[in-house]
K.L.:
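My questions will all concern the structure given below.
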Amino acid sequence: MTNKINAADAMIKVLEDWQIDHIFGLPGGSFDSTMNALYNRQNSIKYVQVRHEETGALAAAGEAKFTGKIGVTFGSAGPGAVHLLNGLYDAKHDGVPVLALVGQVGTDFMNTEYFQELNENPIFADVAVYNRTVMTAEQLPAVVDQAIRQAYEHSGVAVVTIPKDLGWAEIDDDYISTAGNYAVTENYPLPDKVAVKQAAEILQNAKRPVIYFGLGAKKAGPELKRLSDRLKIPLMSSALAKGVIADDDPAYMGSAGRVATKPGVETARAADAILFIGSNFPFAAYFFSPTAKFIQVDVKPTNIGKRHHVDVGILADAKTTLTALTNQVEEVGKRAFYEAALANKREWRDWLAKFVDEDKQPLNVDSVFEQINRIATDDAIFALDVGNVTIDGVRLLQMKPTQKMATSGWYATMGFALPAAIGAQFSYPNRQVFSISGDGGYTMVMHDILTQVKYQQPIINVVLTNQSLGFIEAEQDDTKQPHSGVDLIDANFGAAATDMGATGYEVHTLSELHQAFDDAKSTNGPVVIDVKIANDRPLPVEQLVLTTDDQHSQTDVDQFIKQYHAEGLTPFSEFLAQYKA
């Protein structure tokens with residue numbers, strides 16, 4: 001005789017088979033049957049209570065970015081379901097697997113305009129790669145099993161809507177999940193030998209080649225470095241691939257764009273040949289010359305040629321292609337462009353260092369990141385919010401390949417960092433985790449400091465308070481608008497965090513800053529360090545005015561240097577001339 005089990009319990013057993021050991025969400029009446037199942041199986045799967053469904057969805061998305069494993073979240077019918085959308089869209093845009101379980105009223109009440117009933121499938125149609133409403137109790141575990149497979153296969157969001165009564169129904173306890181049979185392979189096509197030879201010739205003979213890599217090359221750090229060293233080519237990355245190459249590597253220029261560095265932007269614009277590998281950088285047309293030779297390596301054929309004309313396209317894995325290229329080329333003893341790029345980066349690092357120890361009020365943001373770098377462990381994890389904090393994080397975090405960083409990249413939602421840190425800490429309970437936010441993003445999700453307190457997560461939450469939506473303020477400046485809607489009132493976020501049960505600090509001076517970070521390093525439980533920083537726009541490296549040209553007079557140059565304290569920064573053209581590159 002077959003044993004019986006509630007359908008919701010059978011579904012939770014499927015999650016366990018897929019090595020899912022926790023799930024983020026906030027209960028509602030329509031989700032009661034699943035909550036009962038989570039209670040029944042609490043010894044093998046942990047329910048994590050968040051204070052807002054958006055936080056749960058962002059935590060799941062952030063966790064998936066840090067781990068590569070599927071994140072799981074849930075919401076109840078109606079408002080709980082709708083609240084999930086922001087986090088699910090973040091997962092969709094950055095291409096990570098997330099499963100969302102969504103409550104629905106009982107089948108007897110569906111389609112009757114019942115309390116909190118929504119037609120939920122259309123709501124998730126755009127965000128999900130798999131979007132189904134369970135129709136019978138017997139199919140519940142099978143539908144969730146298939147949802148997980150689809151989320152993994154398509155690197156996206158799977159949504160399963162569960163009518164409340166079906167979870168209670170008894171079914172035969174005989175469902176066997178497909179988790180053990182799911183085959184993941186990274187055996188992509190081998191790079192075409194002719195294409196590799198063509199690419200090698202371009203890189204070997206170019207005057208100003210660069211290597212630009214994205215997250216698709218995140219497992220190929222050593223191979224990127226070997227090719228760079230062999231051919232004397234500067235390395236650049238997308239902002240999301242920060243940390244694949246150590247920030248202190250002399251050949252690593254950072255990234256191009258607005259969330260970028262000066263050497264990154266200038267090196268990209270000067271390049272006459274680009275090895276574009278594992279990236280879908282959307283701003284390529286703005287930072288790479290249209291006449292530059294372009295070699296693109298990707299595992300998705302639809303990405304090749306999407307951002308720039310392609311001279312050589314290689315459909316293959318980054319690591320395999322880089323090894324093939326390195327074996328094909330001859331070592332270069334010296335390249336003038338490489339030397340000029342390294343000199344430009346050295347000057348950039350020296351310029352940034354000037355602002356670290358200024359004991360002024362409000363503080364420089366550079367001083368805050370100096371303290372983060374000082375206490376960060378070699379395997380620290382950084383959840384970075386959206387806004388000026390993204391620019392500052394990309395420039396000022398001094399990362400190593402043993403550390404991890406994630407932000408909301410393509411969707412760019414404010415409020416990402418704190419929930420993502422919660423997700424990271426559950427997956428990596430023994431690693432140091434930071435969330436780094438501006439005051440705008442932090443106040444969207446600060447209620448879930450309570451989640452960190454409830455589970456005693458030793459997350460170090462850094463709040464950069466400049467009383468402005470600074471990123472938007474800068475956009476209004478660039479379009480010559482009056483500032484509108486960007487001013488934020490101040491609050492003592494450290495005291496508020498203390499009242500919620502965390503350890504909070506409000507920091508105004510350099511000595512207070514040092515003390516807060518000294519304390520945070522050894523504090524058990526969550527810490528919130530609210531640092532009052534100057535509302536200074538980060539140097540707009542995408543629109544530098546360091547020399548006169550057809551559009552800029554010497555007066556423009558002088559004003560730019562004064563406004564951004566850019567004394568000591570040399571136009572890259574002068575380095576190119578100096579090194580005859």
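The analysis underlying the following values was restricted to heavy atoms, covering all of them including side chains, and did not include hydrogens, waters or symmetry mates.
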K.L.:
Using 0.5 Å steps for rounding, measure from the CD1 atom of I295 to the CD1 atom of I304.
P.N.:
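Rounded to the nearest 0.5 Å, the CD1-CD1 separation comes out at 12.0 Å.
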K.L.:
Verify the distance criterion only: is there a donor paired with an acceptor across the side chains of D174 and T2 at less than 3.5 Å?
P.N.:
no
K.L.:
Using distance alone, with no hydrogens and no angle criterion, decide if D379 and Y428 have a side-chain donor and acceptor under 3.5 Å apart.
P.N.:
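Y428 and D379 do not have a side-chain donor-acceptor pair below 3.5 Å.
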K.L.:
Using a cut-off of 6.0 Å, state whether more than 12 heavy atoms not belonging to Y182 lie near its atom OH.
P.N.:
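Buried by this count: over 12 neighbours within 6.0 Å.
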K.L.:
Does the N461 side chain pair with the main chain of V527, one donor and one acceptor, at a distance under 3.5 Å?
P.N.:
yes
K.L.:
Quick one: closest heavy-atom pair of V196 and P191, and the distance?
P.N.:
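The answer is CG2-CB, 3.7 Å.
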K.L.:
Between K164 and D32, is there a salt bridge with N-O shorter than 4.0 Å?
P.N.:
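Yes, this pair counts.
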K.L.:
Side chains of S30 and Q104: any donor to acceptor distance under 3.5 Å?
P.N.:
no
K.L.:
Taking only residues two or more places apart in sequence or in another chain, which ones pass side-chain hydrogen bond (donor to acceptor under 3.5 Å, both in side chains) with K92?
P.N.:
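Result, side-chain hydrogen bond (donor to acceptor under 3.5 Å, both in side chains) vs K92: none returned.
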K.L.:
Is a side-chain N or O of Q150 found less than 3.5 angstrom from the main chain of A147, in a donor-acceptor match?
P.N.:
no
K.L.:
Could you check whether T178 and R149, counting side-chain N and O atoms only, form a donor-acceptor pair closer than 3.5 Å?
P.N.:
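A pair is found: one side chain offers a donor N or O, the other an acceptor, under 3.5 Å apart.
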K.L.:
Quick check, are the ring centers of F24 and Y47 under 6.0 angstrom apart?
P.N.:
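F24 vs Y47: aromatic centres not under 6.0 Å.
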K.L.:
Name the residue from L88, V48, I23, L26 that meets the side chain to side chain contact (heavy atoms under 4.5 Å, CB included) definition with T73.
P.N.:
L88
K.L.:
Looking only at the side chains, is there a donor atom on one of Q296 and H308 sitting less than 3.5 Å from an acceptor on the other?
P.N.:
no
K.L.:
Give the minimum heavy-atom separation between V394 and A239, together with the two atoms involved.
P.N.:
CG2-CB, 3.9 Å
K.L.:
Check whether any side-chain heavy atom of I459 sits under 4.5 Å from a side-chain heavy atom of F434, and report yes or no.
P.N.:
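The answer is no, as the side chains (C-beta and beyond) never meet within the 4.5 Å cut-off.
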K.L.:
Look at the side chain of D94 and the backbone N and O of W410, then say whether any donor-acceptor pair between them is shorter than 3.5 Å.
P.N.:
yes
K.L.:
Yes or no on side-chain contact (heavy atoms from CB on, under 4.5 Å) for S237 and Y252, after CA distance, side-chain angles and deciding distance?
P.N.:
CA-CA 8 Å; S237 78; Y252 178 60; 2.7 Å; yes
K.L.:
Taking NZ, NE, NH1 and NH2 as the nitrogens, is one of them in D9 or R41 under 4.0 Å from a carboxylate oxygen of the other?
P.N.:
no
K.L.:
Show the numbers, then the answer: is there a side-chain contact (heavy atoms from CB on, under 4.5 Å) between R132 and V159?
P.N.:
CA-CA 6 Å; R132 298 289 189 273; V159 177; over 6 Å; no
K.L.:
Ignoring hydrogens and angles, state whether a donor on the side chain of S44 or E16 is under 3.5 Å from an acceptor on the partner side chain.
P.N.:
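On atom types as modelled, these side chains qualify, holding a pair under 3.5 Å.
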K.L.:
Might you work through the side-chain contact (heavy atoms from CB on, under 4.5 Å) test for T34 and I162, ending with a clear yes or no?
P.N.:
CA-CA 9 Å; T34 304; I162 307 168; 4.3 Å; yes
K.L.:
Quickly, which of I314, L325, D317, V297 forms a side chain to side chain contact (heavy atoms under 4.5 Å, CB included) with I277? Name it, please.
P.N.:
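The side chain to side chain contact (heavy atoms under 4.5 Å, CB included) with I277 is passed solely by V297 among I314, L325, D317, V297.
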K.L.:
Tell me, please, which residues at least two apart from T321 pass side-chain hydrogen bond (donor to acceptor under 3.5 Å, both in side chains).
P.N.:
none
K.L.:
Could you check whether D311 and Q198, counting side-chain N and O atoms only, form a donor-acceptor pair closer than 3.5 Å?
P.N.:
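No - no donor-acceptor pair under 3.5 Å links their side chains.
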K.L.:
For the atom pair OG (S427) and CD1 (I381), what is the distance rounded to the nearest 0.5 Å?
P.N.:
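S427 atom OG to I381 atom CD1 measures 8.5 Å (nearest 0.5 Å).
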K.L.:
Is the backbone N or O of L450 less than 3.5 Å from a side-chain atom of D448, with the two atoms forming a donor-acceptor pair by type?
P.N.:
no
K.L.:
Could you tell me if the side chain of I5 sits less than 4.5 Å from the side chain of K13, heavy atoms only?
P.N.:
yes
K.L.:
Are F281 and Y212 close enough that their ring centers fall under 6.0 Å?
P.N.:
yes
K.L.:
Measuring from M253:CE to T261:OG1, what's the distance to the nearest 0.5 Å?
P.N.:
8.0 Å
K.L.:
Check this for me: does any side-chain nitrogen of one of D378 and K400 sit under 4.0 Å from a carboxylate oxygen of the other?
P.N.:
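Answer for the salt bridge query: yes.
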K.L.:
Between the main-chain N or O of H52 and the side-chain N or O of H83, is there a donor-acceptor pair closer than 3.5 Å?
P.N.:
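Not a single qualifying donor-acceptor pair exists.
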K.L.:
Is it the case that S177 and D145 place a side-chain donor and acceptor less than 3.5 Å from each other?
P.N.:
no
K.L.:
Which residues satisfy the side-chain hydrogen bond (donor to acceptor under 3.5 Å, both in side chains) test with K404, sequence neighbours excluded?
P.N.:
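For K404, no residue satisfies side-chain hydrogen bond (donor to acceptor under 3.5 Å, both in side chains) once neighbours in sequence are set aside.
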K.L.:
Check this for me: does any side-chain nitrogen of one of K319 and E223 sit under 4.0 Å from a carboxylate oxygen of the other?
P.N.:
yes
K.L.:
Distance from I171 atom CD1 to Q139 atom CD, nearest 0.5 Å?
P.N.:
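Reported to 0.5 Å precision, the distance equals 10.5 Å.
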K.L.:
Taking T377's backbone N and O only, do any of them form a donor-acceptor pair with Q432's side chain (distance below 3.5 Å, no angle check)?
P.N.:
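Indeed, once roles are kept as given, a pair shorter than 3.5 Å links the two residues.
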K.L.:
Would you say E120's side chain and G78's backbone share a donor-acceptor pair under 3.5 angstrom?
P.N.:
yes
K.L.:
Measure the shortest side-chain to side-chain distance between I70 and W18 over non-hydrogen atoms and say whether it is less than 4.5 angstrom.
P.N.:
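Of all side-chain heavy-atom pairs linking W18 with I70, none is under 4.5 Å.
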K.L.:
Using the side-chain contact (heavy atoms from CB on, under 4.5 Å) rule, take L224 and V244 through it: C-alpha gap first, then chi angles, then the decisive distance, then the call.
P.N.:
CA-CA 9 Å; L224 286 163; V244 172; 4.1 Å; yes
K.L.:
Are the side chains of P401 and I245 in touch, meaning some heavy atoms are under 4.5 Å apart?
P.N.:
no
K.L.:
Can you tell me how far apart CZ (F382) and CZ (F66) are? Round to the nearest 0.5 Å.
P.N.:
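CZ of F66 is found 9.5 Å from CZ of F382.
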K.L.:
Assess the side chains of N86 and Y411: does a donor N or O sit below 3.5 Å from an acceptor N or O?
P.N.:
yes
K.L.:
Where the side chain of D165 meets the backbone of T107, is there a donor-acceptor pair that is under 3.5 Å apart?
P.N.:
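Confirmed, D165 side chain pairs with T107 backbone.
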K.L.:
Rounded to the nearest 0.5 Å, what separation is found between the OG1 atom of T443 and the CE atom of M446?
P.N.:
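T443 atom OG1 to M446 atom CE measures 7.5 Å (nearest 0.5 Å).
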K.L.:
With a 4.0 Å cut-off, would you call D298 and R307 a salt bridge?
P.N.:
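Result for this pair is no, no salt bridge flagged.
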K.L.:
Within the 4.5 Å heavy-atom criterion, are T407 and V389 side-chain neighbours or not?
P.N.:
no
K.L.:
Would a 4.5 Å heavy-atom cut-off, applied to side chains only, mark L101 and F31 as touching?
P.N.:
yes
K.L.:
Given 3.5 Å as the limit, does a donor-acceptor pair link the side chain of S255 with the main chain of V259, or not?
P.N.:
yes
K.L.:
Is any side-chain heavy atom of L99 closer than 4.5 Å to one of V144?
P.N.:
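The answer is yes; the side chains approach within 4.5 Å.
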K.L.:
Please report the closest heavy-atom contact between F74 and P27, naming both atoms and the distance.
P.N.:
CE1-N, 4.0 Å
K.L.:
Among H22, K69, Q425, exactly one meets side chain to side chain donor-acceptor pair (under 3.5 Å) together with E63. Which residue is that?
P.N.:
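Option passing the side chain to side chain donor-acceptor pair (under 3.5 Å) with E63: H22.
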K.L.:
Would you check if there is a donor-acceptor pair between the side chains of Q49 and K454 at a distance under 3.5 Å?
P.N.:
yes
K.L.:
Can you establish whether the number of heavy atoms outside E113 located under 6.0 Å from its atom CD is more than 12?
P.N.:
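Counting other residues, nucleotides and ligands, CD of E113 stays at 12 neighbours or fewer.
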K.L.:
For A57 and G87, work out which heavy atoms get closest and say how close.
P.N.:
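A57 and G87 have their closest heavy atoms at CB-CA, 3.7 Å.
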K.L.:
Checking D90 against K65 for the salt bridge (charged side-chain N to carboxylate O under 4.0 Å, His left out) test, could you report, in this order, the C-alpha distance in whole Å, the side-chain angles of both residues, the deciding distance, and whether it holds?
P.N.:
CA-CA 10 Å; D90 174 69; K65 293 177 189 183; 2.9 Å; yes
K.L.:
Taking I45's backbone N and O only, do any of them form a donor-acceptor pair with D21's side chain (distance below 3.5 Å, no angle check)?
P.N.:
no
